[in-house]
Amino acid sequence: MSIYDTLNEKQKEAVLCTEGPLLILAGAGSGKTRVLTHRVAYLIEEKNVNPWNILAITFTNKAAGEMRDRVDRLVSFGAEGVWVSTFHAMCVRILRRYAHLIGYDNNFTIYDTDDQKTLMKDVCKRLNVDTKMFKERMLLSEISHAKNELVSVNQYKQEAGGNFAQRKIGEVYEEYERELIANNAMDFDDLLLCCVDLFQTQPDVLDYYQERFRYIMVDEYQDTNSVQFELIRLLSMKYRNLCVVGDDDQSIYKFRGANIRNILDFESVFEDATVIKLEQNYRSTSHILNAANAVIRNNKGRKDKTLWTDNGEGDAIEFRQFDNAYDEADFVVEDIKRAVRRGEGAYSDHAVLYRTNAQSRMFEEKCIAANLPYKVVGGVNFYSRREIKDVLAYLKTIDNGKDDLAVRRIINVPKRGIGATTINRVQEYAIDHEESFYQVLTHAKDVPGIGRGVTKLAAFADLIEEFKHLSENLSLLELAKRVLDETGYIESLQAEGLEEAESRIENVDELLSKVAAFEEACEDNDEPATLSRFLEEVALVADIDSLEENSDYVILMTLHAAKGLEFPHVYLVGMEDGLFPSYMTITADDPEEVEEERRLCYVGITRAKEKLTITCARRRMVRGETQFNKLSRFVKEIPGELLRGLRPSVSVNNTAGGISPFGSTAPFESGSSFSQKKRKPYANPYVQNRQTKQFGTPKTGGLSYQVGDRVRHVKFGVGTVTQIVSGGRDYEVTVNFDTAGTKKMFAAFAKLEKV
DNA sequence: CGCGAGGATATTTTT
DNA sequence: TATCCTCGCG
């Protein structure tokens, strides 16, 4: 019996079909990852394909890692030769070798969304663009869309014709691109675009990769955009062994440029394509699956398919409506607690899925109050936190002196008395003389009109130069520590004296451990741990990547983040018209927008294996005003007999006729959603708990040391306490350290120990 | 040049 | 509501 006997007929067919273009339409939970991994194994073991010739592209690093593990387990030998990667990571890897052929240095920097915004601000200022009329966000998204559709600056300007706004945007696009190149930087879209550009202009490079990747597989194909399509089209043109796997019903990234036509039109673009549908679901109970089918059926423009399962009916879907969001969160948290106490599952078997990140807070608060371990996926990305970006900006500056954004970010962080005027002078000089910002700093004395600023600038440049030299001999971790030490960054955080500082410092520490982990990983793989590689890895991580498998947490995340995951018990919360589907999509009179939301709902429902709970609230605070929402139209699309709802005085099960079971009894349902200006501030009863979380260390009570005592600090070593000032919640302690000098710090998080 | 106050603004989703 | 940005003062 071979490993392929465990597959069903359709799956097997997909695995055995190795030559030519292949489209696998894989419904939710139909075992597509199994198919992909077995297909890789089959290619290597049965078809004697060199692993080196196989490329598998996934959407997230996490998915890539999983695929890698599973292939490793399946294939006895040689699996590490397979290239498993995300689109972005793949492009970076290629561009690090060849970017010089298309006008960049090979050590280009990658700009994230924040960087893009900063750059865009600059551009607008320079071009005198009125940012009241053209919002940076809007400009960026317009440019991003253009890039995703492979529209170049020239093309864009041409198409703009006489349209004033379009022409203006064209100018911005042009300047933005110029700036990126000047900074030797690429944004996310550029990574893909430049790669296409490289392939189009360098036939020999393209040929090299075509020869290399004779078998290409793309996961989550429904979320690819036009550039990505072009990329794989080019790569697969020679051998035509392209296998794409996706589910048009799970296409949820249109806003990011995903082009659903890529999957819908696959057969017409690749005329000889084989199409295989995987419709047997192995994940969910039939109740859950039927609900999902019933919802998605309301979408037009989709490939016809119906998921079915051998699994039993399972529990009915539970539906609850609450008065407000507090009650809703309360219920969910208590429900999870109860289930875990009864031994019905671990915390990590429970996931709470919501539409917007803002909704996570209430669940967090309730989890803290109820003492449930939880993990929020998403929200503010670790790497976009201010302190992390600051430290990274130092590293970027050391790595790539052309990255003006990074230099300007840190030139006065911590405060060095270098102000806006000085920075502008340098900037002007840099533009006039076509030098990079940092380059100018190294000979600041030539810049007219900065007076005493020269000394400060020179000192800064010297500091960076020193780091650059150090970086040649030190490990990354040592370098990073050195940067923190010599710049006094940590102290400057402490000096801010905010409660936040504690968590900021923790974050910096965590960054250091990530540096260390990176170095270890590199060592294991026999790769040099270069600064560039670290920065690139860091630039390409997604929130979902950080989800650890074997820790026991309740998982809180957005529906988008949940794609590709599964949980025994899923809570779909905030199911209200106006929230989900969001107000924006309801009012936009493009029915496709609601369809995308419906697909999102479909994704949410199909995450559940055994149990699904749907909740909503009649009243909820959004942006400081109270909204009254009616039940989500998506819930109404679920047949009543699949739902078990417990609401005062009405049993949902006895409403017949296929119409919504929630006809007219509940308040606020029959009218349209409306909102009301808040009259009085709503007292949040959980504020207390939030604070409890932030102040793990008690603020009151005596300190274990006093003036004159000898104490130990984790970083600064041993010293003598010279002063203790009571400052509101906390004590400000001044310590004269034997080696590190005198420092002021807050008792609550300095973690001083008496010695 | 640094800091604080007050006003504007945002919330759909993110590699 | 929470954050971000601008402006004016010391």
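Considering only heavy atoms from C-beta on, A/Arg425 stays 4.5 Å or farther from A/Pro448 through its side chain. Between A/Pro581 and A/Ser632, the closest side-chain pair of non-hydrogen atoms falls below 4.5 Å.
Listed candidates were B/dA10, C/dT1, B/dT13. Nearest to the side chain of A/Arg355 is B/dT13. The listed nucleotides are B/dT11, B/dT14, C/dC5; the one nearest the side chain of A/Lys121 is C/dC5. Side chain of A/Asn357, nearest nucleotide from B/dT13, B/dT12, B/dA10: B/dT13. Side-chain proximity of A/Glu597 to C/dA2, B/dT15, B/dT12: nearest is B/dT12. Here the side chain of A/Met621 is nearest to one of C/dT1, B/dA10, B/dT13, namely C/dT1.
For A/Gln427, the side chain to side chain contact (heavy atoms under 4.5 Å, CB included) partners two or more places apart in sequence, or in a different chain, are A/Arg126, A/Arg408, A/Ile431, A/Phe437.
Nucleotide B/dT14 holds its P atom 16 Å from the CG atom of A/Asn148, rounded to whole Å. Whole-Å rounding puts the A/Tyr583 OH to B/dT13 P distance at 17 Å. Remark: C1' of B/dT12 and CZ of A/Arg620 are 14 Å apart, rounded to the nearest angstrom. At whole-Å resolution of the value, NZ in A/Lys125 and P in C/dT6 are 7 Å apart. Rounded to a whole Å, the CE atom of A/Met362 is 12 Å from the P atom of C/dT1. Taking atom CZ on A/Arg385 and atom P on C/dT3, their separation rounds to 12 Å, with Å as the unit. The interatomic distance linking A/Asp114 (CG) with C/dC5 (P) rounds to 10 Å, in whole Å. Atoms CG (A/Leu579) and C1' (B/dT13) sit 12 Å apart, rounded to a whole Å.
Using a 4.0 Å heavy-atom criterion, one finds that A/Glu596 contacts no nucleic acid atom at all. The residue A/Arg137 sits close only to the backbone: its heavy atoms come under 4.0 Å of sugar-phosphate atoms, none of a base. A/Thr558 comes within 4.0 angstrom of the backbone, heavy atoms only, and of no base.
Mapping A/Leu192 and A/Lys135 onto DNA chain B by nearest heavy atom places A/Lys135 closer to the 5' end of the strand.
Checked by atom type, the side-chain pair A/Gln250/A/Tyr602 shows no donor-acceptor distance below 3.5 Å.
Contact annotation: A/Lys563 does not reach the phosphate of B/dT13 (side-chain N/O to OP1 or OP2, under 4.0 Å).
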At a cut-off of 3.5 Å, list every protein nitrogen or oxygen paired with a nitrogen or oxygen from nucleotides 1-4 of chain B, distance to 0.1 Å.
| residue | atom | partner | partner atom | Å |
| --- | --- | --- | --- | --- |
| B/dC1 | OP1 | A/Gly419 | N | 2.9 |
| B/dC1 | OP1 | A/Thr422 | OG1 | 2.6 |
| B/dC1 | OP2 | A/Thr421 | N | 3.2 |
| B/dC1 | OP2 | A/Thr421 | OG1 | 2.2 |
| B/dG2 | OP1 | A/Gly417 | N | 3.4 |

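Taking only distance into account, the side chain of A/Arg256 never meets the base of B/dT13 through a donor-acceptor pair shorter than 3.5 Å.
The ring pair (Phe, Tyr, Trp, His ring centres under 6.0 Å) contacts involving residues 115-135 of chain A comprise nothing, where partners must be two or more places apart or lie in separate chains.
Taking the six-membered ring for Trp and thresholds of 30 and 60 degrees, A/Phe213 and A/Trp83 have nearly parallel ring planes, at less than 30 degrees apart.
A/Phe255 does not qualify as a stacking partner of the B/dT12 base, lacking a centre-to-centre distance under 5.5 Å together with planes within 30°.
Going from atom CG of A/Leu556 over to atom OH of A/Tyr571 covers 12.0 Å, rounded to the nearest 0.5 Å.
Residues A/His560 and A/Phe255 bring their aromatic ring centres within 6.0 Å.
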